[in-house]
Chemist: 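One structure coming up, written as structure tokens, with questions to follow.
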Amino acid sequence: MSDYVYPEAILFDHDGTLVDTEPVWAEAKEAISHKYGKEWSEQDTLDALGQPMQVTYDILRRNGVPLSDEEIYDALVNHAIEHAKNESVELLPGVAGLLQEVADAGIPCAIVTNATRHIAEVTASLAPEGLFKTIVTNDDVKNAKPDPEPYLLAAQRLGVDPTKCVAVEDSPSGVASATAAGLKVVVVPGMQPVPEGKGDLRIKHEDLIFDQILKLNNSK
């Protein structure tokens with residue numbers, strides 16, 4: 001590994017990449033819908049996956065939920081927080097080992113997510129201490145994924161050149177965001193398929209090892 005040039009930073013998506021919280025958010029959206037006698041479908045989940053929160057708000061209201069953006073946000077976050085309190089949040093297979101290798105190498109990391117900061121902070125606490133230097137969420141940007149702004153902001157906060165960084169993503173919007181920001185992108189399988197030709201490397205979570213990221217970072 002000594003012959004490899006390390007990336008200046010590694011930037012991780014959250015839901016479906018570090019932890020599997022997608023079912024939690026889907027359950028929360030279903031609960032809000034059922035409270036008002038409405039339905040949240042599997043297609044609704046796919047349509048909202050990896051998209052800015054505004055997409056979820058719009059789908060819920062389109063389905064007949066009479067709540068404002070703020071009210072929907074509060075209901076979703078409260079549900080997620082209760083889940084985090086009552087059930088242990090676990091890193092996806094292969095992620096813990098990868099994060100330890102990255103920490104041992106001294107490479108700074110960030111979480112870049114369209115989701116809420118509350119759960120991202122819980123996830124960050126599962127990593128080696130101090131690994132995640134910053135967390136960028138919807139609240140921090142004007143334009144969420146698939147816009148490049150979230151990844152550009154994370155790189156700015158870390159003081160690194162985004163073109164010398166690697167992103168790990170699982171959704172089409174996240175891959176588009178990281179690619180547009182100039183990062184090399186590792187695609188791990190998620191609920192929503194990423195079209196062929198998008199991203200720079202595709203690999204399963206359980207096969208996601210530090211050596212693969214180093215090889216990608218050193219590829220032309």
Chemist: Give the intermediate values and the outcome of side chain to side chain contact (heavy atoms under 4.5 Å, CB included) for residues R157 and D140.
Modeler: CA-CA 11 Å; R157 286 181 175 179; D140 299 311; 3.5 Å; yes
Chemist: Rounded to the nearest 0.5 Å, how far apart are CG of D211 and CG of L216?
Modeler: 11.5 Å
Chemist: Give me the atom names and distance for the closest heavy-atom approach of P172 to P193.
Modeler: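 For P172 versus P193, the nearest heavy atoms are CG-O, 3.4 Å.
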Chemist: Which heavy atom of Y36 sits nearest a heavy atom of P66, and at what distance?
Modeler: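 Distance-wise, the nearest heavy atoms are CD2-CD, 3.5 Å.
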Chemist: Mind checking whether I72 and R61 have side chains closer than 4.5 Å, heavy atoms only?
Modeler: yes
Chemist: Using modelled atom types and a 3.5 Å cut-off, is there a donor and acceptor pairing between side-chain atoms of S177 and backbone atoms of D147?
Modeler: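 Yes, because the side chain of S177 sits within donor-acceptor range (under 3.5 Å) of the backbone of D147.
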Chemist: Centroid-to-centroid, F210 to Y6, below 6.0 Å?
Modeler: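 Centroid separation for F210 and Y6: below 6.0 Å.
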Chemist: Should K198 and P195 count as side-chain neighbours, where that means a heavy-atom distance under 4.5 Å?
Modeler: yes
Chemist: Show your working on side chain to side chain contact (heavy atoms under 4.5 Å, CB included) between V102 and C109 and close with a plain yes or no.
Modeler: CA-CA 8 Å; V102 174; C109 293; 3.5 Å; yes
Chemist: Side-chain contact, heavy-atom cut-off 4.5 Å: L18 with F132?
Modeler: yes
Chemist: Heavy atoms, side chains only, cut-off 4.5 Å: are D13 and D170 in contact?
Modeler: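 SC-SC contact between D13 and D170 confirmed.
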Chemist: Check for a donor-acceptor pair, side chain of N143 on one end and backbone N or O of E149 on the other, with a separation under 3.5 Å.
Modeler: no
Chemist: Can you confirm whether K204 sits close enough to V188 that some side-chain heavy atom of one is under 4.5 Å from a side-chain heavy atom of the other?
Modeler: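 A side-chain contact under 4.5 Å is absent here.
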Chemist: Does the side chain of D15 come under 3.5 Å of the side chain of W25 through a donor N or O and an acceptor N or O?
Modeler: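 Present: a donor and an acceptor within the cut-off.
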Chemist: State, with a plain yes or no, whether a side-chain heavy atom of L208 is found less than 4.5 Å away from one of V168.
Modeler: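 Of all side-chain heavy-atom pairs linking V168 with L208, at least one is under 4.5 Å.
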Chemist: Mark yes or no for whether E71, through its side chain, and S68, through its backbone, hold a donor-acceptor pair below 3.5 Å.
Modeler: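 Yes.
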Chemist: Name the residue from V166, L11, D161 that meets the side chain to side chain contact (heavy atoms under 4.5 Å, CB included) definition with L183.
Modeler: L11
Chemist: Should W40 and L46 be counted in the same cluster of Ile, Leu, Val, Met, Phe, Trp and Tyr side chains packed under 4.5 Å apart?
Modeler: no
Chemist: Can you check side chain to side chain contact (heavy atoms under 4.5 Å, CB included) on F12 and E169, steps first, answer last?
Modeler: CA-CA 7 Å; F12 291 87; E169 272 283 358; over 6 Å; no
Chemist: Is any side-chain heavy atom of E8 closer than 4.5 Å to a side-chain heavy atom of I107?
Modeler: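 No, side chains not in contact.
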Chemist: Over all heavy atoms of both residues, which pair between H205 and T17 is shortest? Give the atoms and the distance, please.
Modeler: NE2-O, 3.0 Å
Chemist: Ignoring hydrogens and angles, tell me if any N or O in the side chain of D69 forms a donor-acceptor pair with the backbone of Q54 under 3.5 Å.
Modeler: no
Chemist: Taking atom SG of C165 and atom NZ of K184, what is their separation to the nearest 0.5 Å?
Modeler: 11.5 Å
Chemist: Tell me whether K145 contacts the main-chain N or O of V112 through its side chain, where contact means a donor paired with an acceptor under 3.5 Å.
Modeler: yes
Chemist: Is there a side-chain contact between E39 and E30 (heavy atoms, below 4.5 Å)?
Modeler: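 A side-chain contact is absent here, since even the closest heavy-atom pair is not under 4.5 Å.
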Chemist: Under the criterion salt bridge (charged side-chain N to carboxylate O under 4.0 Å, His left out), I'd like the reasoning laid out for R62 against D58: C-alpha separation, chi angles, the key distance, then a yes or no.
Modeler: CA-CA 6 Å; R62 183 189 69 200; D58 293 343; over 6 Å; no
Chemist: Using a 3.5 Å distance criterion without hydrogens, assess whether the side chain of N78 forms a donor-acceptor pair with backbone atoms of D74.
Modeler: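 Between the backbone of D74 and the side chain of N78 there is a qualifying donor-acceptor contact (under 3.5 Å).
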Chemist: Assigning hydrophobic clusters by single linkage (Ile, Leu, Val, Met, Phe, Trp, Tyr; side-chain heavy-atom cutoff under 4.5 Å), is V95 placed with V186?
Modeler: yes
Chemist: Give, for atom OG1 of T113 and atom CG of N138, the distance between the pair rounded to the nearest 0.5 Å.
Modeler: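 These two atoms lie 7.5 Å from each other.
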Chemist: Closest approach of L60 and S33, non-hydrogen atoms and distance?
Modeler: CD2-OG, 3.3 Å
Chemist: Within the supplied structure, the quantity of interest is the number of heavy atoms (other residues, nucleotides, ligands) at a distance under 6.0 Å from H118 NE2; does it exceed 12?
Modeler: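 Not buried by this count: 12 neighbours or fewer within 6.0 Å.
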Chemist: Is K29 reaching over with its side chain to a backbone N or O of T45, donor-acceptor style, under 3.5 angstrom?
Modeler: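 No, the answer is negative, given that no donor and acceptor are paired below the 3.5 Å cut-off.
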Chemist: Determine all donor-acceptor pairs shorter than 3.5 Å in which one atom belongs to a side chain in residues 119-129; sequence neighbours excluded.
Modeler:
unit_1: T123; atom_1: OG1; unit_2: H14; atom_2: NE2; d: 2.6
unit_1: T123; atom_1: OG1; unit_2: I119; atom_2: O; d: 3.2
unit_1: S125; atom_1: OG; unit_2: V122; atom_2: O; d: 2.5

Chemist: Should L152 and V136 be counted in the same cluster of Ile, Leu, Val, Met, Phe, Trp and Tyr side chains packed under 4.5 Å apart?
Modeler: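 As far as the 4.5 Å side-chain criterion goes, V136 and L152 are not connected within one cluster.
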Chemist: Report yes or no: do L158 and I10 belong to one cluster of Ile/Leu/Val/Met/Phe/Trp/Tyr joined by side chain heavy-atom distances under 4.5 Å?
Modeler: no
Chemist: One pair to check against side chain to side chain contact (heavy atoms under 4.5 Å, CB included): H79 and E27. What are the steps and the verdict?
Modeler: CA-CA 9 Å; H79 184 282; E27 180 183 317; 3.2 Å; yes
Chemist: Does the N218 side chain pair with the main chain of L214, one donor and one acceptor, at a distance under 3.5 Å?
Modeler: yes
Chemist: I need the minimum non-hydrogen distance between A48 and V55, along with the two atoms involved.
Modeler: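 Looking at all heavy atoms of both residues, the closest pair is CA-CG1, 4.1 Å.
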Chemist: Does the R202 side chain pair with the main chain of P189, one donor and one acceptor, at a distance under 3.5 Å?
Modeler: no
Chemist: Treating Ile, Leu, Val, Met, Phe, Trp and Tyr as nodes and any side-chain heavy-atom pair under 4.5 angstrom as an edge, say whether L201 and V185 lie in one connected cluster.
Modeler: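 No, L201 does not connect to V185 through the hydrophobic network.
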Chemist: Any chance you could measure K38, atom NZ, to N63, atom CG, to the nearest 0.5 Å?
Modeler: 9.0 Å
Chemist: I need the minimum non-hydrogen distance between A178 and A167, along with the two atoms involved.
Modeler: CB-CB, 3.6 Å
